[in-house]
Amino acid sequence: MKLETPFNVEALRKDFPILNREVNGKPLVYFDNAATSQTPQQVIDCIVDYYSNYNANIHRGVHTLSQEATDKYEAARLKIQKHFNANKSHEIIFTSGTTHGINLVANGFSSLLNKGDEIIVSALEHHSNIVPWQMLCERTGAILKVIPMNEDGELVISEYDKLLSNNTRLVFVNHISNALGTINPIEAIIEKAHQIGAAVLIDGAQACPHIKPDVQALDVDFYVASAHKMCGPTGVGILYGKEAWLNKLPPYQGGGEMIAEVTFEKTTYADLPHKFEAGTPNICGGIAFGAAIDYMNQVGFNAIADYEHDLLEYATKKLLEIEGLKIYGTSKHKTSVISFNIAGIHPYDIGTILDKMGIAVRTGHHCAQPIMDFFKIPGTVRASFAFYNTKAEIDALVEGVKKATNMLL
Ligand SMILES: *Cc1c(COP(=O)(O)O)cnc(C)c1O
């Protein structure tokens, strides 16, 4: 990678071997970045290096390979701590991803909630941020309340104000909606929750590919993310939690690594972060997550935001020139995600034809059925752009959608 100003997308694209491949005889146009991002050579090299040179189990070994793997894994934790600006490295818990992090917190709150306590979620949530709370409510008798959204796909904060009460214990909102790209006003959401003493978990899965969150400045209680949406591998992510909260929550899973002492009468738990890291973790994944964070910081989050904003404006304008095309999620505050439909055509049919042209988009409800219900549609076509996409690729998408429309109408 060689960084230049202005943003040199052609140079960056060389870091991603997959962008050279063809699909159905056409150059790949990858616009499914909100589902998973592509992996730069630097991260691939890190994975190859791990399995080629120091693959070993961590923490328990006296031998050299185990020490090397432990050092690199813990160095990755420090990198992640610095990236998210956590106060302490043991406030960073390695997880298998966002879903795991949310479930860990939801499970922990089982013993802290009483019947009649209230949990607030938002209408813009991913299923992974709805179902664990429904399960928590079933276990505890707590009540789930939902912040509604408006036609632009924005949360209605005046309604949130009305939902907050002395019974509110927890608020769970995503930082950025995966289905619509809306950037939620999480600063205000967190502040208002804290005024009445509720804790806040932010789902950052969709935000971390675009911005660098500062958990201390946000004063957020919990923040979760997945590596695979930010140039890292699948199967690894983090839960950030304030130390006081992590000490209060009981462990999620029992097993090796998470204990201090075990007898059949009683087990005492290990200190943070190990209390929440039972069993052999995704060691290589954690180390590669660190490499992905290094890579993204080298590209630079300000440069990424500016460039992606440009792509979003360009694509929005071009797509809206197509007759019958409607975009869902029209907030001024959004990232490079465009969810759309063409009147009279099922999104799946458009996606299938685009694939024939080598263009990868997502179709369906995007794990956010309540949003689709709001708009009274079965789903959308979603094109999500990353910093390695180009305007020429957007032109190919626009041409593809036009062709599909002509074939299907
Ligand atoms: C992708 C995503 C998730 C789920 O992440 P996993 O890596 O599948 O656990 C949760 N929330 C949002 C907003 C997402 O975009």
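Each ligand, and each atom within it, is numbered from 1 in the order the structure gives.
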Quick one: ligand 1 N/O to protein N/O pairs below 3.5 Å?
from	atom 1	to	atom 2	distance (Å)
ligand 1	7 (O)	S226	OG	2.6
ligand 1	7 (O)	H228	NE2	2.8
ligand 1	9 (O)	T98	N	3.4
ligand 1	9 (O)	T99	N	2.9
ligand 1	9 (O)	T99	OG1	2.6
ligand 1	11 (N)	D203	OD1	3.4
ligand 1	11 (N)	D203	OD2	2.5
ligand 1	15 (O)	Q206	NE2	2.5
ligand 1	15 (O)	K229	NZ	2.7

Is there side-chain contact between E277 and M258, with at least one heavy-atom pair below 4.5 Å? no
When you check the side-chain N and O atoms of H59 and T70, is any donor under 3.5 Å from an acceptor? no
Does either side chain, that of K212 or that of N85, offer a donor lying less than 3.5 Å from an acceptor on the other one? no
NZ or CZ of K326 within 45° of F340 ring axis and under 6.0 Å: no
Could you tell me if Y314 and D395 have a donor-acceptor pair between their side chains, going purely by distance under 3.5 Å? yes
Distance under 6.0 Å and angle within 45° of the ring axis: does K248 meet both against W245? yes
